[in-house]
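Take a look at the structure set out below.
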Amino acid sequence: MQPGGSKRELAVGWEAEAVAAAEPQAAAAAEQVRVDAGASGEPERKAREESAKDPVPAQPRATEEGDARVLPRPPPALPVSRPKLALAPGLWPQGKPRSKGQSCKRSPSRRSGEYHSLRPVTVDSSKARTSLDALKISIRQLQWKEFPFGRRLPCDIYWHGVSFHDSDIYSGQVNKFPGMTEMVRKITLSRAVRIMQSLFPEEYNFYPRSWILPDEFQLFAAQVRMVKDGNPSWKPTFIVKPDGGCQGDGIYLIKDPSDIRLAGTLQRRPAVVQEYICKPLLIDKLKFDIRLYVLLKSLDPLEIYIAKDGLSRFCTEPYQEPTPKNLHHIFMHLTNYSLNIHSGNFVHSDSTSTGSKRTFSSILCRLSSKGVDIKKVWSDIISLVIKTVIALTPELKVFYQSDIPAGRPGPTCFQILGFDILLMKNLKPILLEVNANPSMRIEHEQELSPGVFENVPSLVDEEVKVAVIRDTLRLMDPLKKKRENHFPGMCTERKPRLPPVSDRRSPAKRHLSRLSTVRSQQLEKPEAGKEDPSDSDLAFASDGNLNPEAHLPSICLKQVFPKYAKQFNYLRLVDRMANLFIRFLGIKGTMKLGPTGFRTFIRNCKLSSSSLSMAAVDILYIDITRRWNSMTLDQRDSGMCLQAFVEAFFYLAQRKFKLLPLHKQVASLIDLCEYHLSLLDEKRLVCGRSGRPGGRPPYSGTPQEAAPAAPPAESDLRPCTAKLSHPRHAPA
Ligand code: ADP
């Protein structure tokens, strides 16, 4: 199914999305603002926060996101006396339960009046690492309040540079989902996409065929041999990418499976070997890729936004199709900025439409001028992004319930992902990888004189990344609803009043200015009344316009889901399987299903029969679980992981609904399970028993999940085989 509707709508306009956010922390607000103003309780804290008004604090900087070499920040000073406000919600583990990835709603308090609804949103940037500069600019543009050294009281938003676990938080919103880093590793992503490919091969053909090394080396070699035997003129190229690698680290091209460097490192460092896309679209004879920023605003319900502009990173050596002679020319084949910056041909440019790093919009302009249908390109890219997120969400949900079990306090999550996409010569987008921590740096290293390097602002990075961070914050704004009530029409389309970064500086200044200069211009403006809430309100009105967002351009993030949900919901089968899986996990906090949970699933869904005894169910469980546990690195819990459950589910579906295509078999079995479970829930309700295994609502999200389906009829016809089914469980 093609997202036909999207084609029309996508390029028509990137109107600002009015997104409802949750209610503010009204109950705590009055107290927080008072303490922020230094009223009581935290004298030392106040001194530290004030010092943050001085030029940018010398934060330890990592070379890249995820770099472990970041120095710890100084430990927070102990309060002189325990502030009464320590009871603010979120600090104690009795917070209200909330659903996954949705904003916390807190009950309004009488103390929070109209005034406090206008308090600035607070952002803890103490763990922001390399995104700090872009974050600071964003906070400044929004006239929000930054806590660069963290805060004893809860903040509305926590900005982490690496992962959900960067700090312990129990409330507010954090810009990382638990498990995302694991999910987008090359092997995990390949596995997740492969499950979707087995269900929907056409829909998921945007990801190159991949094999996991070393486990599937024999399979890889055998499949290549088979195709070559059938077509001797086939001269494929493959790319080997170490799992968990980044910046092109350890990547190499091969022409034959025998070229894989199996000796030594592979066992220690698993990898993915992938079909190499030999015919990329070239511009100026150079290969390039696209970095697009995608906001996963919420997991359940699923909400996805795409930034309307991204970056294009260019190779620095003219492209030729791979031959044994040029395979090792990294500047020809790998588009990584971190590699090409070391090429003598790398071009730093003041313009966003020339040089080795450009805006994606400039590429689209150029393609459009050549008659390319860029609406179709965008539509295909949006489709790729939605499908990829749909592949990732089932396991993310398992991570989520493990790290933030329902009913326990915890923050809600959102995350900016970096999608790396290659356009083929025929303009088909190909997914290369997803980055959980896309670099948000807005400066680059430049050699000023031989051997002398300095960080200088990168206009193209700043233009794209600041907009992404700022508008992510705007979408996540916990006070948005309140502010909208004060400033009706605040989110309506308006002309940008902030010109693009590139237009705001003279060429000479752009070239010469050092990062520190830019910081002093953009970051160090004294924050009027930083600690005084009434001054914050004045700041909103300082330009005579009461709308605090009046000076901002329209939001650069475009909602694509649930906007196009109708076109893509049919793909969410594994998501529904994950809902079943989570329901039977039983003990909160675990990610693997025990044998009893699996048996209960079979019983409650009425899947056992004369031809599938409970003893056979046990053997199925043991067999699949053992194999998956030997393959996966995660040995935290014993039991059946989600992928193993999916494999068992496929097997059961094939057994029960024979001769249908796999996705129909699976959909029918899910319908059947959901039907029986809804009956069970009704029965329990009638009996006055509230407890469900796992203690969570069974289905949420898709319409299919909401309505109990009629039990599908079983087919008596012969079975189909599916890629995922293990030979030992081939349907009887
Ligand atoms: P890393 O995380 O190390 O950057 P990527 O998967 O992004 O790894 O690959 C690095 C670069 O290699 C990409 O930017 C792209 O230029 C090139 N590349 C990766 N996979 C393919 C592929 N299947 N076909 C063609 N080029 C690829």
Side-chain angles (χ1 to χ4, degrees), residues 63-67 180-194 197 204-213 220 224 235-255 260 269-283 286-293 310-323 326-343 346 356-358 360 363 384 388 417-426 428-439:
T63 51
E64 265 304 315
E65 304 291 8
D67 189 332
M180 186 66 90
T181 311
E182 288 87 337
M183 276 313 299
V184 300
R185 285 173 74 99
K186 292 180 172 62
I187 288 182
T188 334
L189 176 68
S190 297
R191 282 208 173 107
V193 174
R194 188 186 293 181
Q197 284 174 333
Y204 279 83
N205 66 8
F206 57 82
Y207 190 68
R209 202 174 320 159
S210 307
W211 296 263
I212 290 154
L213 299 177
F220 168 55
V224 171
K235 300 263 180 283
T237 305
F238 302 96
I239 183 165
V240 184
K241 311 199 251 187
D243 187 41
C246 60
Q247 303 185 337
D249 175 35
I251 291 183
Y252 60 97
L253 304 189
I254 55 167
K255 290 299 255 179
I260 286 184
R269 203 173 179 191
V272 164
V273 58
Q274 198 170 73
E275 248 178 300
Y276 185 74
I277 306 299
C278 293
K279 293 186 190 304
L281 181 71
L282 304 182
I283 287 190
L286 299 169
K287 177 176 171 178
F288 67 97
D289 76 352
I290 307 159
R291 160 61 58 84
L292 270 191
Y293 298 95
L311 297 170
S312 294
R313 289 92 46 105
F314 279 72
C315 279
T316 42
E317 187 181 331
Y319 184 77
Q320 289 167 12
E321 286 199 26
T323 62
N326 70 28
L327 279 187
H328 59 283
H329 289 211
I330 54 168
F331 299 145
M332 178 188 285
H333 292 292
L334 306 187
T335 50
N336 297 80
Y337 165 79
S338 51
L339 296 174
N340 283 281
I341 187 120
H342 300 296
S343 154
F346 192 93
S356 298
K357 200 193 258 189
R358 312 180 194 176
F360 179 46
I363 304 292
L384 174 154
T388 305
L417 301 169
F419 273 63
D420 289 351
I421 293 168
L422 191 70
L423 282 183
M424 284 172 63
K425 204 171 177 179
N426 63 5
K428 180 181 165 64
I430 297 290
L431 176 69
L432 297 178
E433 70 161 348
V434 182
N435 290 275
N437 298 314
S439 165

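Below, each value reflects all heavy atoms present in this structure, side chains not excepted, and no hydrogens, waters or symmetry copies. All ligand and atom numbering here is 1-based and tracks the order in the structure. Just so it is clear, the structure is predicted and the values come from calculations on it, not from any experiment.
- Taking only nitrogen or oxygen atoms, main chain and side chain alike, L334 does not reach within less than 3.5 Å of ligand 1.
- Ligand-side atoms of ligand 1 in range of K186: 1 (P), 2 (O), 3 (O), 6 (O), 8 (O), range being under 4.0 angstrom from any heavy atom.
- Taking the six-membered ring for Trp and thresholds of 30 and 60 degrees, F288 and F314 have nearly parallel ring planes, at less than 30 degrees apart.
- Remark: side-chain polar atoms of E317 are not paired, donor with acceptor, to backbone N or O of F331 under 3.5 angstrom.
- For S356 against F346, the heavy-atom pair with the smallest separation is CB-CE1, 3.4 Å.
- The nearest heavy-atom contact from the protein to atom 7 (O) of ligand 1 is E433 OE2, 3.1 Å.
- Residues Y207 and S190 bring a donor and an acceptor atom of their side chains to less than 3.5 Å of each other.
- Considering every non-hydrogen atom in both E321 and N326, the closest pair reads O-ND2, 3.1 Å.
- When side chains are defined from C-beta on, P322 counts as touching H333, because their heavy atoms get closer than 4.5 Å.
- For ligand 1, the atoms closer than 4.0 angstrom to any heavy atom of I251 are 3 (O), 8 (O), 9 (O), 10 (C).
- Formation of a donor-acceptor pair under 3.5 Å by the N340 side chain with backbone atoms of C315 is not found in this model.
- Ligand 1 places these atoms under 4.0 Å from at least one heavy atom of P208: 23 (N).
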For D243 and K186, what are the C-alpha separation, side-chain angles and deciding distance, and is it a salt bridge (Lys or Arg N to Asp or Glu O under 4.0 Å)?
CA-CA 5 Å; D243 187 41; K186 292 180 172 62; over 6 Å; no

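- Protein heavy atom in closest approach to atom 21 (C) of ligand 1: L432 CD2, 3.5 Å.
- Rounding to the nearest 0.5 Å places CG of L432 at 7.5 Å from CD of Q274.
- Close contacts between ligand 1 and G245 involve ligand atoms 2 (O) [criterion: under 4.0 Å to a heavy atom].
- K241 NZ, 3.4 Å is the protein heavy atom nearest to atom 19 (C) of ligand 1.
- Residue Y276 places no N or O, backbone or side chain, under 3.5 Å from any N or O of ligand 1.
- In this structure, R313 does not count as a contact residue of ligand 1, since none of its heavy atoms falls inside 4.0 Å of the ligand.
- The protein heavy atom nearest to atom 16 (O) of ligand 1 is T335 OG1, 2.6 Å.
- Within ligand 1, the atoms closer than 4.0 Å to a non-hydrogen atom of D289 are 14 (O), numbered from 1 in the order shown.
- Of all protein heavy atoms, the one lying nearest to atom 10 (C) of ligand 1 is N336 OD1, 3.2 Å.
- At least one side-chain heavy atom of I430 sits less than 4.5 Å from a side-chain heavy atom of P208.
- The two residues G248 and L334 come nearest to each other via the heavy atoms O-CD1, 4.5 Å.
- Looking at every heavy atom in both residues, G418 comes nearest to P438 through N-CG, 3.6 Å.
- Atoms of ligand 1 lying under 4.0 Å from any heavy atom of I277, numbered from 1 in the order shown and given with element: 22 (C), 24 (N), 25 (C).
- Ranking protein heavy atoms by distance to atom 26 (N) of ligand 1, first place goes to K287 NZ, 3.0 Å.
- Taking only non-hydrogen atoms, the option from M424, Q247, E275, R185 nearest to atom 23 (N) of ligand 1 is E275.
- When heavy-atom distances to ligand 1 are checked against a 4.0 Å cut-off, N435 has no atom that comes that close, whether in backbone or side chain.
- Less than 4.0 angstrom separates some heavy atom of I239 from each of these atoms of ligand 1: 12 (O), 18 (N), 19 (C), 20 (N), 21 (C), 22 (C), 23 (N), 27 (C).
- When hydrogens are left out, the protein atom nearest atom 3 (O) of ligand 1 is G248 N, 2.7 Å; that is the closest non-hydrogen contact.
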